[in-house]
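Since the structure comes first, as structure tokens, the remarks are kept for the end.
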Protein chains: 2
Amino acid sequence: MTTLAEVARKAGVTAATVSNVLRERGKVSVETRERVLAAVRELGYRPNLTARALAEGQPQTVALMVSSIANPFYPAFALAVERAVRKLGYFLIVCNTNDDPEQERAYLDAVAGSLARGVLVMNADFVQIDELVKLRERGVPVVLCMWEKPDQPPPLPSVAVDFFRAGMIAAEHLVKLGHRRIGVVMGSELSGNHIWRYRGFLEGLKRAGLELPEGHTVFGHDTIDAGRNAGHALLAAVPDLTAVFASNDLPALGVLQAAAEVGLDVPGDLSVIGITDIALAHQVRPALTTVAVPIDESAELAVELITQMIRETGTPGGQPPLREASVPRLVVRASTGRASKAAAGAK
Amino acid sequence: MTTLAEVARKAGVTAATVSNVLRERGKVSVETRERVLAAVRELGYRPNLTARALAEGQPQTVALMVSSIANPFYPAFALAVERAVRKLGYFLIVCNTNDDPEQERAYLDAVAGSLARGVLVMNADFVQIDELVKLRERGVPVVLCMWEKPDQPPPLPSVAVDFFRAGMIAAEHLVKLGHRRIGVVMGSELSGNHIWRYRGFLEGLKRAGLELPEGHTVFGHDTIDAGRNAGHALLAAVPDLTAVFASNDLPALGVLQAAAEVGLDVPGDLSVIGITDIALAHQVRPALTTVAVPIDESAELAVELITQMIRETGTPGGQPPLREASVPRLVVRASTGRASKAAAGAK
DNA sequence: GTGAAAGCGCTAACAA
DNA sequence: TTGTTAGCGCTTTCAC
């Protein structure tokens, strides 16, 4: 590896001057500048980023914590984050916790040890928030990329996404299509991350004068398989359902499969709606109707927040800022339709 | 940030001793050990990884170059890579080139500047291999994660996946089902990355005494949309096709959509087969029959290779090693079936 | 405009 | 067993 010193020697100057040339600090005569640049080229010199980071006191990386890279929600978000972060001159370090608190701790420790200049946390649910707060207190910029608890102010700078509203929108859509016998497949436990989507959905029904009967909700996990299982359970328990709301796209996709497997036509016999609008949603057939959440925008807001924090160098002070991403919006595709006459009559 | 020195002062020892305690170098009395550990805890000390990397002369990160994080092929592979890499004590840096040579260069420069200890390149197609070779010559471990050109020895340590064979397998499957009028949708140009899959497919047909007529192949891109367009074009040009082979799952999915859009039943009227077996393949309906490529295994082999290179510290020397991943295998799902009588008769 | 010198926080001989 | 002494490669005052 060529070093600054070698370049300097070759150019007949000192390291300081080479550094000045490279950082474009001005104060260098055109002539030596040329000489230095030539030497750099000849030697194929690349500045050692580690050394630079040490000298500058800050690494040039930003970390993104996710519970699983394999989560299909990840790609779009990560892409936006990566782009935004690069624009600031940082590199992205992916911290894949696999929902394992130990791994999570390991990463957080590393970040505290200046692995990264700041941390973006994609899904704050799986993370022990306390750990993040501690990290913040140590002076590391931390931002929660998707805060979905409108009842609590976030303990850290966050981007809020109105999932309550998303739930309401889903309910309104189904109601407007004439559905009355509706089931719900949850991608989390009742106390879990999706609670506000559930509440929003309930609220939407309530405003239409409807209630969700006991036994019309199945709680589970945020996966296609869990959704399929939940779908089967729900359809078996309440056979005359005309619509199912899933708290996330993945389980909604599972419900789609379950419906197909028991010979139900979607949307003829059953309508299905999800939340998020991951890429998959429009790639499956029937394409999934869903309430799209502003993924890219959230990523950008999150990066904006962290940029600010990085610039402001310290002093948290006061209530952590909360940026609101725009309101989720309904994306009607092929998986929802009017409640069938038969089913409507059956009510 | 607490530093080693502060911990040392607090514990009444020197930095070297603290370092020894932390690295578990032995040679420390139990008593001082305790004292040091106590100080570490009290001060909430975390070693500065940047400084450590600089002192050790090597960063603790490995880079993964991909053309797009959003490529659905990425998740499974990245997950495997991340795990393997972490097991070695490294962090993963994701380098998303967006198919942009400039970004790619920027990343490669950074890596050369010791951003990372080594580079895994997921898809060597988009990358100017020369740049990678240069990097290797500078002493940076580089491995190509999916070498699909059996006719050329790779210029860098690589993991070979037999896509020629995958193509053959696809052909055999279709032939066995009685298909004779077959179309091909390519996810690359003829000269592109998928060429060997194409050749393999042709070879498979040939062995069955079949040929692919002119105009039965459409070249395009490795996306669902491109696949859909190609599918439409193909079905319009050769209406009596009974099967389509796509060189990758994404375009195969697109063909599935095209078929649905023109009212063709899959697999009743048309069979569709892809290559890779990305997660999506079994999540869509009809589930996609495909030739599964050993993704996880390739990732593991690639990491093994790079580990070796890291350990062997330099001296490339001789033909770069080539690890063979296991043979692709057919995964029959719902998108392929026997050639319909009518169509077979039409021949 | 350029150089000399100190130091970022840690590791790694070597001495004591 | 512990301390001392040098750096790792770069940035950054501060003189010249």
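Residue numbers start from 1 in every chain, and the chains themselves are labelled A, B, ... in the order their sequence lines are given, proteins ahead of strands.
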(request) Classify the nucleic acid contact of Gly12(A) as base, sugar-phosphate or nothing, counting any heavy atom under 4.0 Å across all strands shown. (result) sugar-phosphate
(message) Quick test of your reading: applying salt bridge (charged side-chain N to carboxylate O under 4.0 Å, His left out), list the pairs with at least one residue in residues 60-86 of chain A, sequence neighbours left out, ordered by first then second residue.
(response) none
(request) Check for a donor-acceptor pair, side chain of Asp296(B) on one end and backbone N or O of Ala80(B) on the other, with a separation under 3.5 Å. (result) no
(request) Mind calculating the distance between CG (Leu54(B)) and P (dG7(C)) to the nearest angstrom? (result) 17 Å
(message) Test your reading of the model: is there a side-chain donor-acceptor pair from Arg46(B) to the backbone of Gly44(B), 3.5 Å cut-off?
(response) yes
(request) Under 4.0 Å from any atom of DNA chain D, heavy atoms only: list the residues of residues 35-43 of chain B that qualify, in numerical order. (result) none
(message) Restricting to ring-ring contact (aromatic ring centres under 6.0 Å, His included), what partner residues turn up for Phe91(B), sequence neighbours left out?
(response) Tyr107(A)
(request) Send over the distance from Gln58(B) CD to dG7(D) P, rounded to a whole Å. (result) 20 Å
(message) Checking the side chain of Glu34(A) only, and the main-chain atoms of Glu31(A) only, is there a donor and an acceptor separated by less than 3.5 Å?
(response) no
(request) List in chain and number order the residues that pass ring-ring contact (aromatic ring centres under 6.0 Å, His included) with Phe77(A), two or more places apart in sequence or in another chain; answer none if no residue qualifies. (result) none
(message) Determine whether a donor-acceptor pair (N or O, by modelled atom type, separation under 3.5 Å) exists between the side chain of Ser298(B) and the backbone of Pro294(B).
(response) yes
(request) Keeping the roles fixed (side chain from Arg117(B), backbone from Thr61(B)), state whether a donor-acceptor pair exists under 3.5 Å. (result) no
(message) Let me test you: for the helix from dG1(C)-dC16(D) to dA16(C)-dT1(D), what is the angle between the axes at its two ends (five pairs each), rounded to 10 degrees?
(response) 40°
(message) For Val66(B), is there any backbone N or O sitting under 3.5 Å from a side-chain donor or acceptor partner on Thr97(B)?
(response) yes
(request) Sort out for me which residue in Pro153(A), Pro157(A), Ser158(A) forms a side-chain contact (heavy atoms from CB on, under 4.5 Å) with Pro320(A). (result) Pro157(A)
(request) Determine the contact category for Thr14(B): base if any of its heavy atoms lies under 4.0 Å from a base atom, sugar-phosphate if only primed atoms, P, OP1 or OP2 are that close, otherwise nothing. (result) base
(message) To check you understand the geometry: which heavy-atom pair defines the closest contact between Pro47(B) and Arg52(B), and what is its length?
(response) CB-NH2, 3.4 Å
(message) It should be established whether Ser29(B) places a side-chain nitrogen or oxygen under 4.0 Å from OP1 or OP2 of nucleotide dT2(D).
(response) yes
(message) Applying a 4.0 Å non-hydrogen cut-off, can you work out what Thr32(B) is touching in the nucleic acid: base, sugar-phosphate, or nothing?
(response) sugar-phosphate
N/O-N/O pairs, protein side and nucleotides 10-12 of chain D side, under 3.5 Å:
unit_1  : atom_1 : unit_2   : atom_2 : d
dC10(D) : OP1    : Tyr45(A) : OH     : 2.4
dC10(D) : OP1    : Asn48(A) : N      : 3.1
dC10(D) : OP2    : Leu4(A)  : N      : 2.3
dT11(D) : OP1    : Arg23(A) : NH1    : 2.8
dT11(D) : OP1    : Arg52(A) : NE     : 2.6
dT11(D) : OP1    : Arg52(A) : NH2    : 3.2
dT11(D) : OP2    : Ser19(A) : OG     : 2.9
dT12(D) : OP2    : Arg25(A) : NH2    : 2.9

(request) Using whole Å, report how far CG of Leu115(B) lies from P of dG9(D). (result) 16 Å
(message) Expressed as a whole number of angstroms, how long is the span from Gln60(B):CD to dC10(C):P?
(response) 13 Å
